[in-house]
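Everything below concerns the one structure shown next.
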Amino acid sequence: MAGLPVQIGQQYEAEIIGISHDGEGVGRVNGFTLFVAGALPGERALVRVGHLKKQYGYAALVEVLEVSPDRVKPDCGIYEECGGCQLQHLSYEAQLRVKRQQVVDNLQRIGKLQVRSSSSDEEGIVVHPTLGMTDPWRYRNKAQVPFGEEQGGLIGGFYAQGSHRIINMDECLIQHESNDEVVARVKEIGARLGIRAYNEERNDGLLRHVVVKVGFRTGEIMVVLVTNGVEIPRVAEWVAGIRAALPGVKSICHNINVKQTNVIFGDETRVLWGSEVIYDYIGDVKFAISARSFYQVNPVQTEVLYGKALEYAALTGGETVVDAYCGIGTISLFLAQKAGQVYGVEIVEEAIADARKNAELNGMTNVHFEAGPAEVVLPEWTRQGVRPDVIVVDPPRKGCDPALLATILELQPRRVVYVSCSASTLARDLRVLVDGGYGVAEVTPVDMFPHTVHVECVALLVRNETDAEKPY
Ligand code: SAH
């Protein structure tokens, strides 16, 4: 492009000054910004420009000329092909620092909020160090493995970065070991029985995905075979093979997906053998997990995250709490242990059905769940006289609906606990709540997905007024 200080195909020396939310190094060449995958802050690197826009461009890393002290050799042999992790070349300590900094940057730039820079500062929000894992590997409880064929043989693994070409994989270092083991055995048995894999382009073949879930605390395992078609040939032999090879398996399910789609699951799930659900615990709360129900993928850090939310809610036993965007009721039930009454709302009806079952499973009667948009249901509850002392929100990446924030400001709960998976929408929403009379007391980032760029955090907001001014 004419007029730009760099040209496509040319090599330049770049100073890497930061890291983007996608994990790319943010490089500078003659004042121009280039995103360089694989480069780290503090490095100087030789890069080749691949793609240009008016304000910035993308460049490939040719050679690192000055190496960051935080650079480490990725433990995983397929790190670069896979793309499932983005930060394995950065030491874990540095990953935690980078994640905290991203939260700080968003609060400042998008929220225009003041962040306390050192412990001696009086003013501003305290952003704590990211709570990381002692052992940041093998943390995932769910594997969703696409299957294909290579030279007539059954393979299962991952899609090569940016494509739908399946690469065979024997282990994934962020998966629980037993998930790797299950996938390997299922692959062997499938190959032995002559099962054909689904072919996306031709829309033929049978086995699309194998989904494996494991309860970290209970050791219970569920295997789901997702197929393009209703019948599985030699299904009894397959079930017998899985049971013989994998004694931890408590449930073998079959999900039928005949659509030409990227969505993994189809609408119909059948139990081939065993139980319809497996169980797991977060803290003392027990959860039933079915083939399609949503469940947090890092159970160890989920406990840390919810523990922080519970601490911020500061419950003494009698409070009324609302959990908006409650999913299958995980946070609601966690809070119900310490609250008077909890109201959970979630837009997906099946999730609410699961939430009710989970409440029953734990014998909890002080929770009420309702399906619907939080921004509609919360005002309804208000009309019915519900007056929450604490509101917890855990919205999807797009953040809270403005109408929900408006209702929170009308209701004026003493505390708002905001659990967020997107620091930018968190910052936007905190600004609205701060303008409406809340102070952001503190924010704690929690590392739910080590080695990936995802950042999760919990923020505590406290109403500025004293109790005497409470409007009801
Ligand atoms: N708190 C849960 C799930 C959080 S994920 C947990 O920790 O497991 C966010 C949830 O918000 C999803 O379950 C999604 O279905 C739900 N959701 C999205 N938009 C919504 C809306 N407008 N009202 C209520 N729930 C919504």
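None of these values were measured; they are calculated from a predicted model. Just so you know, these numbers use all the heavy atoms, side chains as well, and skip hydrogens, waters and symmetry mates. Counting convention: from 1, in listed order, for ligands and their atoms alike.
Which parts of ligand 1 touch Gly372 is read off a 4.0 Å heavy-atom cut-off, strictly below it: atoms 23 (N), 24 (C). Heavy-atom contacts of Tyr306 reach the following atoms of ligand 1: 6 (C), 7 (O), 8 (O) (cutoff under 4.0 Å).
What sits closest to atom 9 (C) of ligand 1 on the protein, heavy atoms only, is Asp394 O, 3.3 Å. Scanning all protein heavy atoms for the shortest distance to atom 26 (C) of ligand 1 gives Tyr325 CD2, 3.3 Å. Glu375 OE1, 3.2 Å is the protein heavy atom nearest to atom 22 (N) of ligand 1. Looking only at protein heavy atoms, the nearest one to atom 15 (O) of ligand 1 is Glu346 OE2, 2.7 Å. In terms of protein heavy atoms, atom 18 (C) of ligand 1 is closest to Pro396 CG, 3.6 Å. Scanning all protein heavy atoms for the shortest distance to atom 25 (N) of ligand 1 gives Ile347 N, 3.2 Å.
Side-chain atoms of Arg140 do not come within 3.5 Å of backbone N or O of Gln175 as any donor-acceptor pair.
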Practice prompt. Output, in order, the C-alpha distance, side-chain angles, deciding distance and verdict of side-chain hydrogen bond (donor to acceptor under 3.5 Å, both in side chains) for His451 and Gln86.
Written response: CA-CA 6 Å; His451 311 294; Gln86 302 81 32; over 6 Å; no

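For ligand 1, the polar-atom distance check against Ala374 finds a nitrogen or oxygen pair separated by under 3.5 Å.
By the 30° and 60° cut-offs, the orientation of the rings of Tyr56 relative to Phe35 is perpendicular. Between Phe216 and His176, the ring planes lie perpendicular to each other; the angle is over 60°, past the 30° to 60° tilted range.
Under the side-chain contact (heavy atoms from CB on, under 4.5 Å) test applied with Lys213, the options Val277, Asn179, Ile278, Ile221 reduce to a single match, Ile278.
At a heavy-atom distance under 4.0 Å, no atom of Cys421 approaches ligand 1. The residue Tyr295 has no part lying near ligand 1, judged by heavy-atom distances below 4.0 Å. Contacts with ligand 1 closer than 4.0 Å are made by side-chain heavy atoms of Val348 only, the backbone lying farther away.
Outside the 6.0 Å centre-distance limit, the rings of Phe287 and Tyr281 are not counted as a close aromatic pair. The aromatic ring centres of His209 and Phe147 sit 6.0 Å or more apart.
Between the side chains of Gln341 and His368, no donor-acceptor pair of N or O atoms lies under 3.5 Å.
The shortest side-chain heavy-atom distance between Pro299 and Tyr139 does not fall under the 4.5 Å cut-off.
Under a 4.0 Å heavy-atom criterion, Ala351 is not in contact with ligand 1. The closest approach between a heavy atom of Thr330 and any atom of ligand 1 is below 4.0 Å.
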